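Notes follow the structure.
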Amino acid sequence: MYTIQGKGVSKGVADGPIYFYRRGGGEVVKTAVSDVEAEKKRFEDARQTAMQQLAELYDKAVAEVGEEGAALFEAHQMMLDDLDYIDGINDMIEGESINAEYAVSQIAEQFAEMFASMDDAYMQARAADVKDISTRVIGILSGVVAGGIDSDVPVILASDDLAPSETVQLDKSKILGFVTSGGSGNSHTAILARTMGIPAIIGIGDALTEGLEGKSAIIDGSTGEVAIDPDQITSQRLLKKQAEERALKALLDQLKGKENVTLDGRKVMVYCNIGSPDDVDPVLANDGGGIGLFRSEFLYLQNDDYPTEEQQFQAYKTVAERMGGKRVIIRTLDIGADKQADYFQLDKEENPAMGLRAIRICLTRPEVFKTQLRALYRASAYGKIAIMFPMITSVWEVQEIKRICDGVKAELRAEEIPFNENVELGIMIETPSAVMMSDRLAKEVDFFSVGTNDLTQYTLAVDRQGNNLDKFFDSHHPAVLRMLKMAAENAHKAGIWIGICGELGADVSLTETFLAIGIDELSVSPASVLPLRSAIRSIDTTKNSQKILDDLLSD
Ligand code: PEP
Ligand code: MG
């Protein structure tokens, strides 16, 4: 047995085999085969597996985004069953005695070129589809897996780091924990792990070699310890800790149904952050009071093209209905910077965190923005939806957003489509500019929600994705806390509420400070709801608040 050390970013103990994330891509190599019949069978088996995967994806998409949104997977099945396509591949394997991967890639190219040269725009668009199904078949043939995991048992997933577009496609039922060589505490792998309530360790570096594949391991997300082939003493120690954590969780479970109220009677809204409709399950299981941040990017990152209004409507409606009248704050798309979707065709930027991202894309491409707003307003007829806008820096942006919202509402009214006329509109406070302008911004909206991940990044000028910057990425920095205080004062002066939806909101060492500052809502990962409730219920805000505020401002 031996131990390697990383940084724990989501607590908990997990034991299981290490499994490396299977990433696709790479060039398809041409090789000669001697048994063409066996190669043709290999292709047929892969094609059948792909058909089965597409059928499963279709069922999942119908449940999440409705039939229209799922239609793509049905079309892909039909394409994969096309005799010209199948015969083309088999003839090539047989005629040239070559491997199935290469034949699929060549026939896919020929079909794509043929589609692309057609006059009809619909047929032209099929070029991307034939490439997509062929990539799937090639992936199966070469052992690359849709969703990155091909294991019958749950695993500790290892990788360098995962891109947001990869995390949204993971088969989450197969993951016990994450270990990554790179990454940061604010990476999307870390955020996903906290949402799922499973351990994650980042920054392991070169010690995380592919030689560890299949080895049994126990990881401790609070200390960053990764025990490989653990001996009996280590196993006992870590599994005892796992049992203690489970017991603590059972104890916290007793707080379900209780209020988030301080000893002196102050109530706090404790909501949850989610990244997809599936995440509503842990929200309900952990007694979340609402959704404080629904990162709608998932719809954009898991698609090969802009999600349609109907697809989005179904996803938002599902979440609103499942939350049954509780507030569901959906953030409009926050694409750009680290969250890239190819079809947006964004230019490569020197400084993407400061580039064309989030609301800047929406205000530059109003047609994309309007499609999302129409879906959101339509879904507002089915629950208590509120809309939140990311990366705000200026008052004019909010005024422009409101003008576009009014236009969308007028359209829906004219089309006699039902929606809630009084959907609350809020903004994220995640730039220093938004804090400094918070007195004016507060007059424009119904609520503020502080994104401490980006607010820390922009206030301290420290890249939140930076591998070696965790020491400098200090969300407890007085500059960040003073910003919170300023935004809270201005929110309350204008009579609106303020919350925190960045990762800092779950940090119970600061809960008393947040209450002293006047924070009204905390939106955290589902697994953090009950620990936070426990912290809130132990605080008396009449005791230390003044001292906390004085300390914050003293030099
Ligand atoms: C934040 O910046 O704190 C936030 C909640 O948004 P995201 O992490 O999605 O950028
Ligand atoms: Mg942000």
Side-chain angles (χ1 to χ4, degrees), residues 9-10 161-165 167-168 183-195 200 202 270-276 279 290-301 329-341 352-362 386-393 397 426-435 447-466 469-470 473-477 479-481 483-484 487 498-507 510 514 519 521-526 528:
V9 291
S10 179
D161 192 14
L162 295 170
S165 56
T167 61
V168 297
S184 78
N186 296 288
S187 66
H188 292 274
T189 313
I191 291 174
L192 174 67
R194 290 193 286 264
T195 303
I202 58 150
V270 177
Y271 290 176
C272 291
N273 294 348
I274 62 167
S276 78
D279 295 337
I291 306 288
L293 167 64
F294 178 3
R295 290 180 163 96
S296 68
E297 295 85 76
F298 95 97
L299 274 167
Y300 295 83
L301 293 172
I329 302 176
I330 303 181
R331 176 176 75 182
T332 57
L333 66 97
D334 191 8
I335 292 288
D338 57 318
K339 298 172 201 152
Q340 292 289 342
M354 298 194 186
L356 190 64
R357 60 170 290 198
I359 202 65
R360 298 174 188 170
I361 295 181
C362 291
I387 309 177
M388 177 156 80
F389 305 97
M391 278 295 290
I392 297 296
T393 55
E397 292 166 337
I427 56 169
M428 292 198 62
I429 300 289
E430 51 184 350
T431 63
S433 172
V435 175
F447 63 91
F448 282 167
S449 185
V450 184
T452 48
N453 311 336
D454 276 318
L455 186 60
T456 306
Q457 154 164 274
Y458 295 122
T459 302
L460 304 182
V462 181
D463 183 353
R464 63 186 273 191
Q465 304 287 346
L469 291 168
D470 278 5
F473 191 90
D474 176 14
S475 298
H476 288 224
H477 195 294
V480 176
L481 299 178
M483 291 229 176
L484 272 174
I498 180 167
I500 296 177
C501 63
E503 296 298 297
L504 196 64
D507 185 338
L510 282 176
F514 295 150
I519 298 297
E521 178 246 17
L522 292 161
S523 188
V524 298
S525 62
S528 296

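Every number for a ligand or one of its atoms is a count from 1 in the order of the listing. What you see is a predicted model; the values in this text were computed from it and never measured.
No part of Leu455 comes within 4.0 Å of ligand 1, judged by heavy-atom distances. When non-hydrogen atoms are compared, ligand 1 lies under 4.0 Å from the side chain of Arg331 (C-beta onward) but not from its backbone. Under 4.0 Å from ligand 1, not a single heavy atom of Asn273 appears.
Compare Met428, Lys339, Met388 by their heavy atoms: the one nearest to atom 4 (C) of ligand 1 is in Met428. Distances from atom 9 (O) of ligand 1 to the heavy atoms of Arg295, Glu430, Met391 show the closest one on Arg295.
Each of Asp474, Asp470, Asp454 was checked for a salt bridge (Lys or Arg N to Asp or Glu O under 4.0 Å) with Arg464, and the lone residue meeting it is Asp454. The side-chain contact (heavy atoms from CB on, under 4.5 Å) test with Ile500 singles out one residue from Leu484, Val524, Asp507, and that residue is Leu484.
Side-chain contact between Leu504 and His476 is present, with at least one heavy-atom pair separated by less than 4.5 Å.
Between the side chain of Glu297 and the backbone N or O of Ile335 there is no donor-acceptor pair closer than 3.5 Å. A donor-acceptor pair under 3.5 Å is formed between the side chain of Arg360 and the backbone N or O of Gly355. Tyr458 places no side-chain N or O within donor-acceptor distance of the main-chain N or O of Met354, the cut-off being under 3.5 Å.
Inclusion of Asp334 in the first shell of the Mg ion (ligand 2) is not supported: no N, O or S atom falls under 2.8 Å.
Ligand 1 has at least one atom lying under 4.0 Å from a heavy atom of Arg464.
Within Glu430, the N, O or S atom at minimum distance from the Mg ion (ligand 2) carries the name OE1. Between the Mg ion (ligand 2) and the N, O or S atoms of Asp454, the shortest distance is to OD2.
Close approach of ligand 1 to Asp334 is summarised as follows: ligand atoms under 4.0 Å from at least one heavy atom of the residue are 10 (O). Contact atoms of ligand 1 toward Leu293: 5 (C) (distance under 4.0 Å to a heavy atom of the residue).
The pair Lys339-Asp334 counts as a salt bridge, with a side-chain nitrogen and a carboxylate oxygen less than 4.0 angstrom apart.
Leu522 contributes atom CG, which lies 11.5 Å from atom SG of Cys272 (distance to the nearest 0.5 angstrom).
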